[in-house]
Amino acid sequence: MKRRVLYPGRFQPFHLGHLRVVHDLLKRFDEIVFVIGSAQEAYTCHNPFTAGERIEMIHYTLSREGVSRSRYWLIPVPDINKPLAWTGYVLGMVPRVEAVATGNPHVAGIYEWFGLDVIEIELYKPELYNGTRIRYLMTYSDEWMERVPEPVVEYIIGINGVSRVRKVCYGVFRGGANGGVCRD
């Protein structure tokens with residue numbers, strides 16, 4: 001039986017911190033099951049990209065990285081705003097997994113309650129590789145490009161994603177150049 005790990009996230013957008021986690025997980029597991037959270041939401045500052053767009057970002061990046069398509073699953077799951085119920089829902093939507101990878105203690109506790117092993121992700125340079133911060137940079141500068149894999153840069157530019165982020169996020173962020181706190 002293949003060893004699988006669940007990797008839930010919104011991936012708004014998929015960034016270099018996510019990619020580092022993927023490479024670490026692929027050393028320990030045969031397959032990664034990505035859960036693309038908040039799949040029902042798009043065109044907001046918190047979730048500017050559709051679930052399909054996030055799936056493509058991840059797929060194009062992993063393809064360019066030489067990761068075989070047989071090593072990962074990409075499953076969009078909408079929110080239901082009930083953490084325990086959502087976790088059970090997720091586990092019913094994905095192939096059988098033996099562990100979950102997360103850097104969020106709240107999420108870890110819920111999956112432990114469901115009996116899964118938890119792989120605690122050590123966030124890689126979270127001051128740089130953070131979706132909110134990257135969306136902030138997209139809104140006000142071009143510095144975001146160095147924080148995401150090249151295929152994600154190409155993809156976002158190709159769908160006019162920067163323009164979208166600027167439209168939905170302008171005025172949503174508060175704080176200065178080092179702030180970038182999303183109010184949505």
Side-chain angles (χ1 to χ4, degrees), residues 1-42 46-126 128-132 134-135 147-156:
M1 181 188 270
K2 292 190 177 200
R3 296 187 66 229
R4 290 189 192 115
V5 61
L6 189 72
Y7 185 21
R10 288 184 307 110
F11 308 106
Q12 290 277 13
F14 188 77
H15 56 66
L16 292 171
H18 295 131
L19 184 57
R20 184 178 176 119
V21 170
V22 167
H23 284 300
D24 289 346
L25 291 173
L26 287 172
K27 293 174 187 170
R28 299 173 65 181
F29 294 90
D30 299 315
E31 296 176 352
I32 298 174
V33 179
F34 289 88
V35 169
I36 313 298
S38 301
Q40 81 290 351
E41 190 175 338
H46 197 60
N47 292 296
F49 303 107
T50 68
E53 289 167 340
R54 291 176 278 155
I55 286 169
E56 287 186 304
M57 286 179 209
I58 295 168
H59 172 69
Y60 293 150
T61 299
L62 297 184
S63 177
R64 185 93 54 93
E65 291 285 313
V67 177
S68 170
R69 185 63 186 92
S70 67
R71 300 225 37 215
Y72 62 93
W73 302 68
L74 296 163
I75 301 175
V77 180
D79 293 334
I80 58 175
N81 297 316
K82 296 176 183 172
L84 283 174
W86 188 81
T87 304
Y89 180 65
V90 165
L91 293 173
M93 297 283 292
V94 301
R96 193 173 298 269
V97 296
E98 65 184 67
V100 63
T102 183
N104 182 322
H106 175 71
V107 171
I110 293 172
Y111 279 97
E112 284 175 340
W113 189 81
F114 272 87
L116 285 171
D117 289 335
V118 172
I119 308 301
E120 292 186 36
I121 296 171
E122 184 176 331
L123 301 179
Y124 176 65
K125 297 184 181 181
L128 297 176
Y129 306 115
N130 169 288
T132 301
I134 292 168
R135 293 189 307 277
R147 299 173 192 225
V148 300
E150 186 63 31
V152 173
V153 172
E154 294 167 4
Y155 185 82
I156 289 173

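Just so you know, these numbers come straight off a predicted model, no measurement behind them. The residues of the chain are indexed from 1 along the displayed sequence.
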*Would you say R10's side chain and H46's backbone share a donor-acceptor pair under 3.5 angstrom?*
yes

*asked:* Once side chain to side chain donor-acceptor pair (under 3.5 Å) is applied, what residue pairs with a partner in residues 67-94 remain, sequence neighbours excluded?
replied: E31-W73, S38-D79, H59-Y72, S68-S70

*Examine distances only and state if a side-chain atom of R135 and a backbone atom of Q12 form a donor-acceptor pair shorter than 3.5 Å.*
yes

*Given V35, I36, V152, I55, the one that forms side-chain contact (heavy atoms from CB on, under 4.5 Å) with F11*: I36

*How long is the gap from CD on E56 to CG on L74, to the nearest 0.5 Å?*
10.5 Å

*Locate the shortest heavy-atom distance separating A51 from P76; write the atom from each residue and the value.*
CB-CB, 4.0 Å

*Are any non-hydrogen side-chain atoms of L91 and V97 less than 4.5 angstrom apart?*
yes

*Inter-residue atom distance H15.NE2 - L128.CG, 0.5 Å rounding*: 10.5 Å

*All side-chain contact (heavy atoms from CB on, under 4.5 Å) counterparts of E154, not counting sequence neighbours*: R64, E150

*F29: side-chain contact (heavy atoms from CB on, under 4.5 Å) partners, not counting sequence neighbours*: R3, V5, L25, E98, A99, I119

*Provide the full list of side chain to side chain donor-acceptor pair (under 3.5 Å) pairs with a residue in residues 108-117, sequence neighbours left out, each pair given once.*
none

*With sequence neighbours excluded, what pairs up with A108 under the side-chain contact (heavy atoms from CB on, under 4.5 Å) test?*
T102, V118

*Measure from the side-chain N and O atoms of R54 to the backbone N and O of G37, and report whether any donor-acceptor pair falls under 3.5 Å.*
yes

*With sequence neighbours excluded, tell me which residues meet side-chain contact (heavy atoms from CB on, under 4.5 Å) with L19.*
F14, L16, H23, T61, L62, E65, P149

_Nearest heavy-atom neighbours spanning P13 and H18_ = O-CE1, 3.5 Å

_Tell me whether the rings of Y60 and Y155 are parallel (<30°), tilted (30 to 60°) or perpendicular (>60°)._
tilted

*Checking side chain to side chain contact (heavy atoms under 4.5 Å, CB included) for the pair E53/I156: CA distance, chi angles, key distance, verdict?*
CA-CA 9 Å; E53 289 167 340; I156 289 173; over 6 Å; no

